Amino acid sequence: MMDVLDVLWRLLAVLLAFLVLPLVVGQAEHKAMAHMQGRVGPMYAGGFHGWAQLVADGVKFAQKEDIVPDGADRRVFQLAPAIALLPYLVVLIVIPVGKGDMVGQVVDAGVFFVLAVMGVGVLGSLMGGWASNNKFSLLGGLRTAAQLMAYELPMLLAAASVAMAAGTLSLPGILDAWEWWWLPWQIIGGLVFFVAGLAELQRPPFDAPVADSEIIFGAYTEYTGLRFALFLLAEYAGIVVLSALTAVLFLGGWHGPFEDGLGWVWTLLKTAVLAFVVIWLRVSYPRLREDQIQRVAWTVLVPLALFQIALTGVVKVVIQ
């Protein structure tokens, strides 16, 4: 009975985080962009500091008509938003928040598990683009897939570097082996992992596949109402997962002062800082062209990731 209650409690905690944290990131993006770009609306909606902006957005999406194109594959079209969103819920289950048993489920091959599951999310974009019966949506979905294929390799290589350093693929195991001097040693891998994650989420400056000035809105052109909102929610959930994984793999996760009692605070704080960086990049950097996006992956990130793996191997040999 206790085992069942423990599982239910962990699942409830993960579900609560999945429902709350992406909305917090979405609200923070509204406020940060309003301050950085002098946007008036998000600062006044509802009164005090624009607290109702996110609520207004939710009501707006709920009121919009739910449209399915006549020639669309209806079931695939309707299922695509869920396929894009649910992988991030599964990934949250294996990310350790604090010291000890503050993790939904320990997976021995946790690094490969999270990267494999996150890669499933692109199927939502492909399904939506193909099922929409719109050539522009199909092209947008294919560009999304091409971008994922390009950035999956450097992301995997960067994660493999820190797993090699720790001698384990388990996320809690990596944190147990983590030392403060890993920060300068693994910083290149951390930057590669974070930038590749941004590209996989199609966040600026890597948002060409979904930019309105490119191919309308990519694979999501025909989506309206709550289904379109689910794709946006998947983006914010991806920001939470990417920031949390970067914090765990490269910034020590729960390591910090008084980590025995406040480890979860350090994990959330590091995740929040990285999420703010994602928002800041959207405001600060211009969009890359499609050819520039591919060039960054193959000529910059992949060589840097390979260099990081070579450096990790040399340091491991020296230490031993």
Side-chain angles (χ1 to χ4, degrees), residues 10-11 13-15 17-19 21-22 25 82-99 101-125 147-178 182 186 189-203 233-255 264 267-268 270-272 274-275 278 301 305 308-309 312:
R10 291 173 186 271
L11 290 177
V14 171
L15 182 60
F18 179 71
L19 294 175
L21 293 180
V25 172
I83 298 298
L85 179 61
L86 289 181
Y88 297 114
L89 172 61
V90 177
V91 170
L92 281 178
I93 296 176
V94 302
I95 297 179
V97 178
K99 200 170 184 179
D101 61 348
M102 293 190 68
V103 57
Q105 177 63 45
V106 178
V107 177
D108 291 337
V111 173
F112 289 153
F113 175 81
V114 297
L115 293 178
V117 173
M118 287 175 66
V120 174
V122 72
L123 292 179
S125 299
Q147 188 161 310
L148 174 78
M149 293 175 61
Y151 283 87
E152 189 75 17
L153 179 58
M155 194 174 189
L156 178 61
L157 291 175
S161 172
V162 73
M164 184 193 311
T168 177
L169 293 172
S170 169
L171 295 178
I174 290 174
L175 285 177
D176 289 336
W178 191 87
W182 284 22
Q186 295 289 333
L191 291 174
V192 170
F193 186 88
F194 189 70
V195 172
L198 284 178
E200 289 202 357
L201 294 176
Q202 302 174 89
R203 289 286 302 185
L233 184 61
E235 179 180 328
Y236 290 126
I239 293 173
V240 173
V241 168
L242 172 64
S243 301
L245 283 175
T246 306
V248 167
L249 292 174
F250 299 97
L251 300 180
W254 44 258
H255 285 279
W264 62 275
T267 301
L268 292 179
K270 295 171 184 177
T271 301
L274 290 172
V278 175
L301 296 188
Q308 178 67 76
I309 287 182
T312 300

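The model shown is predicted, which means the values in this text are computed figures rather than measured ones. We count residues from 1, following the sequence as given. Reckoned from all heavy atoms, side chains included, excluding hydrogens, waters and symmetry mates.
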Write down the atom of [X], the atom of [Y], and the distance for their closest heavy-atom approach.
X: Ala82; Y: Pro87; result: O-CD, 4.3 Å
X: Pro172; Y: Pro96; result: N-CG, 4.1 Å
X: Gly124; Y: Ile83; result: N-CG2, 3.7 Å
X: Thr271; Y: Ala247; result: OG1-CB, 4.1 Å
X: Met155; Y: Gly197; result: CE-CA, 3.9 Å
X: Ile309; Y: Ser161; result: CG1-CB, 4.0 Å

How long is the straight-line distance from [atom2] of [Y] back to [atom1] of [X], given to the nearest 0.5 Å?
X: Gln105; Y: Leu92; atom1: CD; atom2: CG; answer: 14.5 Å
X: Gln186; Y: Phe250; atom1: CD; atom2: CZ; answer: 6.5 Å
X: Leu245; Y: Leu171; atom1: CG; atom2: CG; answer: 6.5 Å
X: Asp176; Y: Ser170; atom1: CG; atom2: OG; answer: 8.0 Å

task: Could you walk me through whether Val241 and Val114 pass side chain to side chain contact (heavy atoms under 4.5 Å, CB included), step by step?
output: CA-CA 9 Å; Val241 168; Val114 297; over 6 Å; no
Taking the side chain as everything from C-beta on, heavy atoms only, tell me whether [X] gets closer than 4.5 Å to [Y].
X: Val195; Y: Leu301; answer: yes
X: Leu156; Y: Phe112; answer: yes
X: Val91; Y: Met118; answer: yes
X: Pro22; Y: Ile239; answer: no
X: Leu115; Y: Glu152; answer: yes
X: Val240; Y: Val25; answer: yes
X: Leu242; Y: Phe193; answer: yes
X: Leu157; Y: Val192; answer: no

- request: I would like to know whether Tyr151 and Leu198 meet side chain to side chain contact (heavy atoms under 4.5 Å, CB included); could you show each step before the answer?
  value: CA-CA 9 Å; Tyr151 283 87; Leu198 284 178; over 6 Å; no
Quick one: does [X]'s side chain have a donor or acceptor within less than 3.5 Å of a partner on [Y]'s backbone?
X: Lys270; Y: Leu251; value: yes
X: Gln147; Y: Ala199; value: yes
X: Arg10; Y: Val103; value: yes
X: Thr267; Y: Val97; value: yes

task: Mind running side chain to side chain contact (heavy atoms under 4.5 Å, CB included) on Tyr236 and Leu21 for me, showing each step along the way?
output: CA-CA 8 Å; Tyr236 290 126; Leu21 293 180; over 6 Å; no
task: Evaluate side chain to side chain contact (heavy atoms under 4.5 Å, CB included) for Leu169 paired with Phe113, printing each intermediate quantity in order.
output: CA-CA 9 Å; Leu169 293 172; Phe113 175 81; over 6 Å; no
message: So that I know where these two stand, are Tyr88 and Phe18 an aromatic pair - ring centroids less than 6.0 Å apart?
response: no
